[in-house]
Amino acid sequence: MKYITFKNGDQMPIIGLGTWKSKPGEVYDAVLWALEAGYRHIDCAAVYNNEKEVGNAFEKAFTSGLVKREEIFITSKLWNSSHRFEDVVPALNKTLKDLKLDYLDLYLIHWPIAFKAGVGFAQTREEFYTYKDVPLAQTWAGMEEAHAQGLTRHIGMSNFNRAKLEEIFQTAEIKPEMNQIELHPYLPQKKLVEFCKSHGMLVTAYSPLGSGDRATSIKKDDEPSLLENDTIKAIAEKHGCSPAQVLISFAVHRDIAVIPKSTNKDRIKENLKAEDIELDTDDLKKLLDIGTSYRFIDGSFFTGSKSPYNLSDLWEK
Ligand SMILES: NC(=O)C1=CN([C@@H]2O[C@H](COP(=O)(O)OP(=O)(O)OC[C@H]3O[C@@H](n4cnc5c(N)ncnc54)[C@H](OP(=O)(O)O)[C@@H]3O)[C@@H](O)[C@H]2O)C=CC1
Ligand SMILES: O=C1CO[C@H](CO)[C@@H](O)[C@@H]1O
């Protein structure tokens, strides 16, 4: 198994199972199939509305002797409605209760966007907090408190750009350890990855396969396909593997953790086997310079006229 390593020596298996959109009726099996196939890293979030079912799968895996708690790396994420300092530890405690765990390996601030308490997805201006109301540094202090209480071994963020990371660095007592970002050949994130690594941060790639099962309401009509891309298909053919495995291997070769989602037993196994694919420098160059540029999760659902946040402030310039 391949890992990436935190500064204190803790290891995170480089391939994990994503769980967004994995339905409550399906995610229980998916997590158990993944653990049986050899996965030791599961990516969760409170907003995925399935942590209770994921927790049932963990309970089954522990009581049946399939794996021990300390053998698996579990990540979850703080939702936007719990960004005030006093809301962070209770949000994490709720996630721990749902997942039936007493600690997480990694807890992430899901987005640099704050909603008022109890809001799922803010629809009106009144349902948002601004950075003046709840500065990101306050949320980070809440994450440090969760770490100090032993509720999570590591802390980090997701969807943070360089400017927002620099802001956190100014007041952080614990330096952020992870940035989970969208990353694939259409969005290779060369500059942001280099910046994170230069500050001792690890990176996780989300939506590595292009997130094709998103609801049509949050998809654009003319999205380019990663799995159908000719360059990716040609590299897959060369290595006798699938396009999905090339995409997963693309992150692995850059020492970036990667969390493909699947609820299909065969594809769950296939995705983990991507660890064994050896891309060469020519393949990697082709993938890094593929020529199509696209962000599938563009954050537009948090911005616009009803929001105090601007899309242009969210991503790298
Ligand atoms: N921090 C953040 O803001 C975000 C985090 N994430 C995390 O990243 C994970 C992965 O990203 P996600 O957006 O779900 O999308 P992915 O890019 O992982 O794509 C998932 C889709 O690919 C299909 N698929 C899986 N394996 C294969 C395969 N081998 N061949 C062909 N198709 C395949 C799945 O179908 P099937 O299930 O039927 O196999 C599903 O339709 C999420 O589940 C979540 O954990 C995602 C988005 C944002
Ligand atoms: O992780 C993610 C997937 O689900 C969420 C809700 O749609 C997104 O906001 C987020 O990026």
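Just so it is clear, the model here is predicted, and its values are computed rather than measured. Whatever order the structure lists ligands and atoms in, that order sets their numbers, starting from 1.
- If you run side chain to side chain contact (heavy atoms under 4.5 Å, CB included) between Pro112 and each of Tyr131, Phe302, Tyr309, only Tyr131 comes through.
- If you look at ligand 1, the protein residues with a non-hydrogen atom under 4.0 Å away are Gly18, Thr19, Trp20, Lys21, Asp43, Tyr48, Lys77, His110, Trp111, Ser158, Asn159, Gln180, Tyr206, Ser207, Pro208, Leu209, Gly210, Ser211, Asp213, Leu227, Ala244, Ile259, Pro260, Lys261, Ser262, Thr263, Asn264, Arg267, Glu270, Asn271.
- Taking a heavy-atom cut-off of under 4.0 Å, ligand 2 is surrounded by Trp20, Tyr48, Trp79, His110, Trp111, Phe121, Ile297, Phe301, Phe302.
- Leu92 places none of its side-chain heavy atoms less than 4.5 Å from the side chain of Leu78.
- Contact check on Glu166 versus Arg162 returns a salt bridge, with a Lys/Arg side-chain nitrogen under 4.0 Å from an Asp/Glu carboxylate oxygen.
- You'll find the ring centres of Phe296 and His184 inside the 6.0 Å limit.
- With respect to the salt-bridge test (charged N to carboxylate O, under 4.0 angstrom), the residues Asp313 and Lys164 do not qualify.
- Between the side chains of Lys23 and Asn50, no donor-acceptor pair of N or O atoms lies under 3.5 Å.
- Phe169 and His199 have their aromatic ring centers within a separation under 6.0 angstrom.
- Closest heavy-atom contact between Gln245 and Glu270: NE2-O, 2.9 Å.
- Of the residues Thr171, Ile168, Ile113, the one that meets the side chain to side chain contact (heavy atoms under 4.5 Å, CB included) test with Leu136 is Ile168.
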